[in-house]
Amino acid sequence: VKLQTELAKLGFAANDIQNATPAILDLAASLEVDLADAAVLAGSTVRAFGLTTNDTQMVVDLLATSTSSSALNFSSLTESLKYVAPAARGANVPIDEAVVLLAALADNGIKGSQAGTGLSKVFLELAIKGLTLEEAISKVNKSQEGLVTASEIVGVKAGKALLALAGTPKDKLD
């Protein structure tokens, strides 16, 4: 009931709640969290990325995998997503890419609101400058002064996030 109540609070219709419930039960079990908390994370993530409840299982699988294969945990992922999701959606960054980038940041010690805010600022600054993330990472990696270059590209506050992503092995980001 708590799971379905939280989804209803997020504005989901009865049939959407019915669609999402089995996947959210899986998420709560895999992350060992309360059903209501799992519902808020899954439901708000689906909404924030402009997806439908038909995508809930994919979202849940992605969230569970990211926490089991990186330094992300439920609370840091929840905190990060609430900051980065609007910017990611606005920059047309799909959820799977955004979550992989959050996992890479977490593996570099940047978690929670710091990761979400930093990555959000990276997306915003790159959009303003007309650069892709790959181009920005390449510029940072080719630079003698990585931190300075990262800060010049995305600003001081997001520079460390871009620098951490540039230092992440390419195969991990791919």
Exercise for the section: Enter the distance from L81:CG to S76:OG here, rounded to the nearest 0.5 Å. Expected result: 9.5 Å
Practice task
Give a yes or no on whether V156 and V140 share a hydrophobic cluster (residues Ile, Leu, Val, Met, Phe, Trp, Tyr; joining criterion: side-chain heavy atoms under 4.5 Å apart).
Solution key: no
Practice task
Might you confirm whether atom CD of E79 has over 12 heavy atoms from other residues, nucleotides or ligands at distances under 6.0 Å?
Solution key: yes
Exercise for the section: Check A28 against L35 and note the closest heavy-atom contact, atom names and distance. Expected result: CB-CD2, 3.5 Å
Problem - Check: L126 and I153 side chains under 4.5 Å, non-hydrogen atoms - result: yes
Problem - Atom pair CG (L77) and CG (L72), whose distance is rounded to the nearest 0.5 Å - result: 5.5 Å
Practice task
Give a yes or no on whether K111 atom NZ has more than 12 heavy-atom contacts from other residues, nucleotides or ligands under 6.0 Å away.
Solution key: yes
Exercise for the section: Examine distances only and state if a side-chain atom of S80 and a backbone atom of G112 form a donor-acceptor pair shorter than 3.5 Å. Expected result: yes
Handout entry: For the student: nearest non-hydrogen atoms of K160 and K157, plus distance
Key = CG-O, 4.4 Å
Problem - CD on E152 to CG on L147, rounded to 0.5 Å - result: 10.0 Å
Problem - Gap separating the CG atom of L102 from the CG atom of L63, nearest 0.5 angstrom - result: 10.0 Å
Fill in the blank from the handout: Scanning both residues in full, the closest heavy-atom pair of L163 with A150 reads N-CB, 4.2 Å
Exercise for the section: Mark yes when over 12 heavy atoms from residues, nucleotides or ligands other than E135 sit less than 6.0 Å from its CD; otherwise mark no. Expected result: yes
Handout entry: Any donor-acceptor N/O pair, N141 side chain to A166 backbone, under 3.5 Å
Key = yes
Completion exercise
Rounded to the nearest 0.5 angstrom, the OG-NZ distance for S70 and K172 is 6.5 Å
Fill in the blank from the handout: side chain to side chain contact (heavy atoms under 4.5 Å, CB included) with N19: of N54, D55, T52, only one passes, and it is N54
Practice task
Can you see which heavy atom on L119 is nearest to which on L165, and at what distance?
Solution key: CD1-CD1, 4.0 Å
Practice task
Would you check if L101 and L133 make a side-chain contact, meaning some heavy-atom pair closer than 4.5 Å?
Solution key: yes
Handout entry: Cluster check F74, I110: I/L/V/M/F/W/Y, side chain < 4.5 angstrom
Key = yes
Practice task
For residues Q4 and T21, determine if any side-chain heavy atom of one lies less than 4.5 Å from a side-chain heavy atom of the other.
Solution key: yes
Exercise for the section: Answer yes if L131 and L162 sit in the same cluster of Ile, Leu, Val, Met, Phe, Trp and Tyr residues linked by side chain heavy atoms under 4.5 Å apart, and no otherwise. Expected result: yes
Completion exercise
Correct closest heavy-atom pair for V84 and G116 would be CB-O, 3.7 Å
Practice task
Check whether any side-chain heavy atom of T117 lies under 4.5 Å from a side-chain heavy atom of K121, and answer yes or no.
Solution key: no
Handout entry: Separation between CD of E6 and OG of S44, rounded to the nearest 0.5 Å
Key = 10.0 Å
Handout entry: Side-chain donor-acceptor pair present, N108, T168, cut-off under 3.5 Å
Key = yes
Problem - Backbone N/O of E134 and side chain of S138: donor-acceptor pair under 3.5 Å - result: no
Practice task
Establish whether V99 and F49 are linked, either directly or via other cluster members, by ILVMFWY side-chain heavy-atom contacts under 4.5 Å.
Solution key: yes
Fill in the blank from the handout: Nearest heavy-atom approach of A39 to L7 is O-CD2, 3.7 Å
Problem - L25-F12 co-clustered via ILVMFWY side chain contacts under 4.5 Å - result: yes
Practice task
For K129, look at atom NZ and say whether over 12 heavy atoms of other residues, nucleotides or ligands are found less than 6.0 Å away.
Solution key: yes
